[in-house]
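Not measured: the values here are computed from a predicted model. Every chain is numbered from 1 and lettered A, B, ... according to where its sequence line falls, protein lines coming before strand lines.
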Amino acid sequence: MYKIAIKDINTLFSKIAGEQELILPVKKAGQYNFGVYEEGADTEGILTNKTVKSAKDAFFPQFETLYNVKKTITPADELENGEEASGTKIRTKLEVQMEELKDKDFVVFGMRGCDVKAVDVLDKVFLSDPVDNYYKARRDHSIIVALACHEPEESCFCTVFGIDPSDPKADVATWVVGEDLYWKPMTEKGTKLTESVKDILSDADEGAIEEEKANIKAIMDKLPNTKLSLEGWGQGKTDEKFNSEVWGKIYNPCLGCGTCTFVCPTCQCYDIKDYTTKDGIQRYRCWDSCMYSDFTLMAGGQNRTSQLQRFRQRFMHKLVYFPDRYDGMFSCVGCGRCVDKCPQSLNIIKVIKAFEKAEKGGAV
Amino acid sequence: MQGLKDRLKELLTDGTVARVVGWKKGDMPYNPEPAVFTSVDEMDDFVYDGFCGANLSKMMIEATKLEGKTAVCLKPCDTYSFNQLIREHRVNRDNAYIVAVGCRGKLDIEKIKKDAKGITEISGTELDGADEITVKTIYGDKTVNYSDVLLNRCHVCKGKDHMISDEVWGESKDTADQERFAEIEKIEAMSPEERFEFFKKELSKCIRCNACRNVCPACSCRKCIFDNTKFDAQQKANVVSFEERMFHIIRAFHVAGRCTDCGECSRVCPEGIPLHLFNRKFIKDIDKFYGEFQAGKDPEAQCPLTDFTFEDIEPGERG
Ligand code: SF4
Ligand code: SF4
Ligand code: SF4
Ligand code: SF4
Ligand code: SF4
């Protein structure tokens with residue numbers, strides 16, 4: 001166990017960033033978001049404030065190029081001896097240029113218990129067969145330094161999903177205790193990282209974090225949404241929940257904007273598209289949202305045709321389909337970001353509560 | 001609020017309207033949601049307080065297509081949006097019953113949360129509430145002045161008169177204490193480089209969630225060009241800075257002359273991007289070049305940008 005004075009934290013960040021890429025919450029134009037650390041970055045408040053977007057971009061970026069295809073056209077009269085222009089007067093050559101996979105280690109600092117658990121959710125999707133190479137390369141090279149939640153907020157409900165925000169599981173775990181940040185390596189990767197910054201850390205006593213852990217637990221206990229019941233959700237509930245009339249009563253204000261899916265650490269849907277460049281195409285992947293009208297649109301026109309269906313999909317996926325497919329694991333980690341950011345104040349907590357109310361015979 | 005709720009229930013019971021578009025009580029002290037109420041029972045959850053910032057006029061596009069009349073609660077600023085939707089033939093006025101509700105400014109929860117985490121209770125936010133509100137949190141209680149935590153738009157409120165109504169409910173209080181174009185003038189005074197840097201920094205936060213567009217009453221196209229799957233642009237790819245800027249610039253041009261300055265875009269942006277700055281710059285320039293014009297003030301008025309007169313300025317002049 002080590003510690004560093006919070007006032008010196010930028011020294012720690014500089015040191016880490018000097019040896020590998022460092023991604024952490026940064027304050028920019030008034031908002032906290034994960035970004036690459038640069039000298040002079042505004043890190044004030046990052047130990048206690050929730051980021052708007054999660055750390056998901058570090059592993060599965062909102063936009064990435066998969067490969068480029070370059071087309072070269074050679075007129076027949078310029079062809080070298082031995083080359084043949086097949087029938088026509090030109091020869092077209094397509095050259096695929098793969099995007100390089102991540103091949104260097106990088107550190108993500110400041111992920112909370114919920115964010116770390118969200119990576120487990122993403123792993124299920126991207127690391128099971130067929131393995132996603134782009135994602136795997138980032139996972140293999142990531143070193144996660146998690147941060148226990150010093151000031152959980154009313155939208156937090158991670159404990160409902162069995163997450164302990166006072167004791168995040170990662171390569172290194174850190175705690176805010178008084179004026180210091182406590183630092184504890186938890187894995188081999190974490191120990192290696194610790195070695196590289198050891199000269200600016202000082203030795204500390206494990207006892208100090210016990211009080212902080214107890215405080216966090218007591219706060220979680222007092223928060224309004226941590227007693228939410230997930231009874232009735234999970235494996236085997238598809239028919240019952242899918243056909244419920246409750247959806248029709250609650251979906252209406254949904255704008256189909258996709259804010260909830262883009263701030264969510266576990267939403268994993270993406271679209272792959274081609275963009276015409278001047279000499280070929282760029283094939284890229286970007287996040288998609290089940291709240292959008294063109295989501296999984298097929299040539300025949302089939303996809304979800306109403307906002308009710310789209311709205312239902314998001315919550316069914318988190319609370320029923322995902323557990324069905326992955327041994328009961330929910331794909332919500334209770335981070336509360338969608339709760340904070342939905343422009344219409346709809347969210348997964350309200351959905352769960354509406355079903356609970358309806359099941360008890362109340363009007364929704 | 002009870003009076004308003006009773007009146008709306010009455011409208012439902014006596015058959016004046018078939019449904020009510022209003023706000024439904026949230027599960028936290030500050031998150032009521034826009035909702036459609038079809039029965040007196042459902043109306044028990046109706047609420048109207050300081051957190052009812054959402055502009056319900058856009059919901060009337062669908063609601064006024066339904067059988068029977070729909071009652072809608074509109075704040076003073078919302079009535080401009082509603083008029084503009086009438087002007088654009090997007091709502092059916094005959095199917096709407098407008099309950100024009102009073103307003104003493106709406107609250108910005110982000111401002112309250114700046115120094116209040118773990119909120120469990122907020123009191124004093126009703127229309128006839130006190131000048132101070134009490135915020136209870138698990139970390140301790142706080143009081144704040146109602147007027148210190150208003151949405152930015154309320155500081156430049158266009159006034160508390162409703163531009164359209166069938167009946168009026170509740171007393172309003174003046175909240176405009178800032179110059180409407182002061183922010184714009186500050187930006188105009190920047191050098192082009194500074195200005196570009198300012199907007200680049202703000203827009204670099206954009207996650208292209210489309211909340212600004214989807215909430216905007218002026219963005220009522222059935223299918224937005226940016227949702228067109230057949231158009232070769234990286235429209236979902238937010239980190240391509242060109243696309244991200246184009247989206248906002250095209251949108252600002254598209255709502256120019258139609259934007260009522262309702263402030264919804266800036267209110268809903270999860271990244272706190274001051275989107276109203278684009279639109280308000282257009283409003284300022286339209287005022288300057290064509291004489292004062294306020295979209296949504298009069299549903300019959302011709303917008304200068306869709307009208308031609310010989311007095312119109314020549315291209316090339318700059319605002
Ligand atoms: S639930 Fe909220 S955030 Fe999600 S798409 Fe609907 S309106 Fe947008
Ligand atoms: S659904 Fe909402 S609360 Fe759950 S993980 Fe996603 S953003 Fe967080
Ligand atoms: S802009 Fe004016 S009318 Fe609209 S919510 Fe604010 S104070 Fe009320
Ligand atoms: S609401 Fe904000 S983040 Fe979302 S698209 Fe608009 S500007 Fe971007
Ligand atoms: S652009 Fe913004 S301020 Fe203007 S009408 Fe649309 S939501 Fe309102």
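By number of non-hydrogen pairs under 4.5 angstrom with chain B, the leading residue of A:P152, A:G256, A:P224 is A:P152.
In this structure, a donor-acceptor pair under 3.5 Å is present between the side chains of A:E154 and B:Y30. B:E271 and A:N33 form a side-chain donor-acceptor contact under 3.5 Å, judged by distance and modelled atom types alone.
Neither the backbone nor the side chain of B:E62 comes within contact range of chain A; no heavy atom of the residue lies under 4.5 Å from a heavy atom of that chain. Interface remark: B:R213 contributes no atoms to any contact with chain A (heavy atom separation under 4.5 Å). Neither the backbone nor the side chain of B:P274 comes within less than 4.5 Å of any heavy atom of chain A. Contacts of B:Y139 with chain A are made by side-chain atoms alone, with heavy-atom separations under 4.5 Å and no backbone atom involved. For A:T261, no part lies near chain B; criterion is any non-hydrogen pair under 4.5 Å. At a 4.5 Å heavy-atom cutoff, the contact between B:D45 and chain A is made by side-chain atoms alone. For A:I219, the parts lying under 4.5 angstrom from a heavy atom of chain B are both the backbone and the side chain. Interface remark: A:S293 contributes side-chain atoms only to the contact with chain B (heavy atom separation under 4.5 Å). Of the atoms belonging to A:N49, heavy atoms from both backbone and side chain fall under 4.5 Å from chain B.
Contacts with chain A (heavy atom to heavy atom, under 4.5 Å) involve these residues of residues 112-119 of chain B, listed by number: B:K113, B:K117, B:G118, B:I119.
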With side-chain contact (heavy atoms from CB on, under 4.5 Å) as the criterion, how do A:Y292 and B:N210 come out once you've worked through the C-alpha distance, each side chain's angles and the decisive distance to 0.1 Å? CA-CA 10 Å; A:Y292 288 168; B:N210 297 319; 3.3 Å; yes
Criterion side-chain contact (heavy atoms from CB on, under 4.5 Å) on A:N252 and B:M59, from CA distance to verdict | CA-CA 9 Å; A:N252 193 296; B:M59 286 175 87; 3.7 Å; yes
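Remark: A:E44 engages no residue in a salt bridge (charged side-chain N to carboxylate O under 4.0 Å, His left out) (not counting sequence neighbours). Not counting sequence neighbours, A:K222 has no partner by the salt bridge (charged side-chain N to carboxylate O under 4.0 Å, His left out) test.
For NZ of B:K9, the number of neighbouring non-hydrogen atoms (other residues, nucleotides, ligands) closer than 6.0 Å is greater than 12. Annotation: B:K201, atom NZ; neighbour count of heavy atoms from other residues, nucleotides and ligands within 6.0 Å does not exceed 12. Other residues, nucleotides and ligands place no more than 12 heavy atoms under 6.0 Å from the NZ atom of A:K360. Remark: A:E211 CD is loosely packed, at most 12 non-hydrogen atoms of other residues, nucleotides or ligands lying under 6.0 Å away.
Summarising the geometry, atom CE belonging to B:M28 is positioned 6.5 Å from atom CG belonging to A:D340; distances are rounded to the nearest 0.5 Å. Atom SG of B:C209 is separated from atom CE of A:M291 by 12.5 Å, given to the nearest 0.5 angstrom. The CG atom of A:L223 lies 4.0 Å from the CD1 atom of B:I138; values are rounded to the nearest 0.5 Å. Taken from CZ in A:F262 to CZ in B:R208, the straight-line distance is 9.0 Å, to the nearest 0.5 Å. Rounding to the nearest 0.5 Å gives a distance of 11.0 Å between CG of A:L297 and CG of B:D227.
Considering all non-hydrogen atoms of both residues, A:C257 and B:A211 come closest at CB-CA, 3.6 Å. When every heavy atom of B:I207 is checked against every heavy atom of A:Q62, the shortest pair comes out as O-NE2, 3.0 Å.
In this structure, the side chain of B:K205 engages the main chain of A:A29 through a donor-acceptor pair within 3.5 Å. With hydrogens and angles disregarded, no donor-acceptor distance shorter than 3.5 Å links the side chain of A:Q344 to the backbone of B:P34.
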Going by atom type alone, with no hydrogens or angles, which donor-acceptor pairs under 3.5 Å involve a side-chain atom of residues 18-27 of chain B and a protein atom two or more places apart or on another chain?
from	atom 1	to	atom 2	distance (Å)
B:R19	NH1	B:T70	OG1	2.8
B:R19	NH2	B:E67	O	2.7
B:W23	NE1	B:A54	O	3.3
B:D27	OD1	B:N31	ND2	2.9
B:D27	OD2	A:K353	NZ	3.2

